[in-house]
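In what follows, a single structure is set out as structure tokens and then discussed.
Heavy atoms only: backbone and side chains are in, while hydrogens, waters and symmetry mates are out. In the text below, chain A, chain B and the rest are named by the order of the sequence lines, each starting its count at 1.
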There are 2 protein chains.
Amino acid sequence: MEADKQKDEIFVRDCPIRNILSRISDKWSILVIFTLEQTAVMRFGELQRAIPDISQKMLTVTLRTLEQDGIVNRRVYAQIPPKVEYSLTSRGQSLLPRLNALIDWAKEQMDAIMEDRARSGQKASATSIIQYE
Amino acid sequence: MEADKQKDEIFVRDCPIRNILSRISDKWSILVIFTLEQTAVMRFGELQRAIPDISQKMLTVTLRTLEQDGIVNRRVYAQIPPKVEYSLTSRGQSLLPRLNALIDWAKEQMDAIMEDRARSGQKASATSIIQYE
DNA sequence: CTGAATCCATGACGATACTG
DNA sequence: CAGTATCGTCATGGATTCAG
């Protein structure tokens, strides 16, 4: 009734799986989370240097979303020049083991998948930012 | 040297995490995987009925990708009308525990996240396709 | 029944410039 | 230093149509 002009923005299907996956499966969230795992507390500029490919905009957006989801803390110091520190919340830390389980699986399967995909014309240069032991 | 006209399509950063996440974090893959977990072998039409929101195109694309990654099997019966059955491969099944760990976490945190997000104007109708016990 | 092919809307993302 | 604002590009995915 109230949805005459525009479509209903409420979609019937949004299950927990999709909700959580959409939160961490964007382009940069995982990378930020793992970067913060290695260095518990980081300033904005540090994160940017640790993840060279990310733009300021996307780093900001990613951090804001992670903050909204209670995965990272954002601590602002009232000083000039500004100083803002980011760190994982306990919820963010509780996510790590699960994420690691998934990534371990990924590493196990990666070679095989790459071979399977070879004839599909898949690129794979392996310079990764985060070191996996 | 060979990249004069066009940009290099090879991006320096593609780490295993991103590679695997990008494979399962599209809109439908997870849903298909979990649907196939519940009913081991399903025909195309069954999958479509089990996931009402998905379009034929996206179901096809999703299944093709999952097949390329060795996560689902595709079995074609040479008959008219066509009959195609999909099922999880062993690799697909090995993914499930990890995925479940993540989803358990998601369920645990979901309520809290929703409350945190309330003031951000987040929609959340909870009619999910897959039942979580 | 199981797709393939096409067109198109949306939103994610990147580059750049500007600011307290 | 840590953002915000704006704009352009491109991939994702939905609707529709055609086909074996």
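Atom CD1 of B/Ile80 is separated from atom P of D/dA19 by 16 Å (rounded to the nearest Å). Atom-to-atom, CG of A/Leu59 to P of C/dG14 comes out at 11 Å; the value is rounded to the nearest Å. Rounded to an integer number of Å, the gap from CE of B/Met58 to P of D/dT16 is 17 Å. Atoms NZ (B/Lys83) and C1' (C/dT2) sit 13 Å apart, rounded to a whole Å. The CG-C1' distance, from A/Leu47 to D/dG3, rounds to 14 Å in whole Å. To the nearest angstrom, P of D/dC1 lies 10 Å from CD of A/Gln48. Between the P atom of C/dG3 and the CD atom of B/Glu67 lies a distance of 9 Å, rounded to the nearest Å. For A/Phe44 and D/dG3, the CZ to P distance is 5 Å, given to the nearest whole Å.
Side-chain contact, B/Glu85 with B/Tyr77: a donor N or O sits under 3.5 Å from an acceptor N or O.
The side chain of A/Arg64 places an N or O atom within less than 4.0 Å of a non-bridging phosphate oxygen (OP1 or OP2) of D/dT4. For D/dG3, one of the phosphate oxygens OP1 or OP2 lies less than 4.0 angstrom from a side-chain nitrogen or oxygen of A/Arg74. Listed pair B/Arg43 / C/dC1 fails the phosphate criterion, with no side-chain N or O lying under 4.0 Å from OP1 or OP2.
A/Glu46 approaches A/Val41 most closely through the heavy-atom pair OE1-O, 4.2 Å. The two residues A/Gly70 and A/Arg91 have their closest heavy-atom pair at O-CB, 3.5 Å.
Side chain A/Lys57 to base C/dG14: a donor-acceptor pair is found below 3.5 Å.
Note on A/Tyr77: nothing from the nucleic acid sits closer than 4.0 angstrom, heavy atoms only.
Hydrophobic clustering (ILVMFWY, side-chain heavy atoms < 4.5 Å, transitive): B/Ile80 and B/Val84 are in distinct clusters. Both A/Leu63 and A/Val76 are assigned to one and the same hydrophobic cluster, defined by single-linkage of ILVMFWY side chains at heavy-atom distances under 4.5 Å.
Along DNA chain D, the nucleotide nearest to B/Ile54 and the one nearest to A/Tyr86 differ in position, and the one closer to the 5' end is contacted by A/Tyr86.
Residue B/Pro82 places its side chain closer to C/dC1 than to any other of D/dA2, D/dG14, C/dC1.
Taking B/Arg43 as the reference, nothing meets the salt bridge (Lys or Arg N to Asp or Glu O under 4.0 Å) condition, with sequence neighbours excluded.
Axis angle across the helix from C/dC1-D/dG20 to C/dG20-D/dC1, with five pairs used at each end and values rounded to 10°: 40°.
Checked by atom type and distance alone, the side chain of B/Thr62 pairs as donor or acceptor with a backbone atom of B/Met58 at under 3.5 Å.
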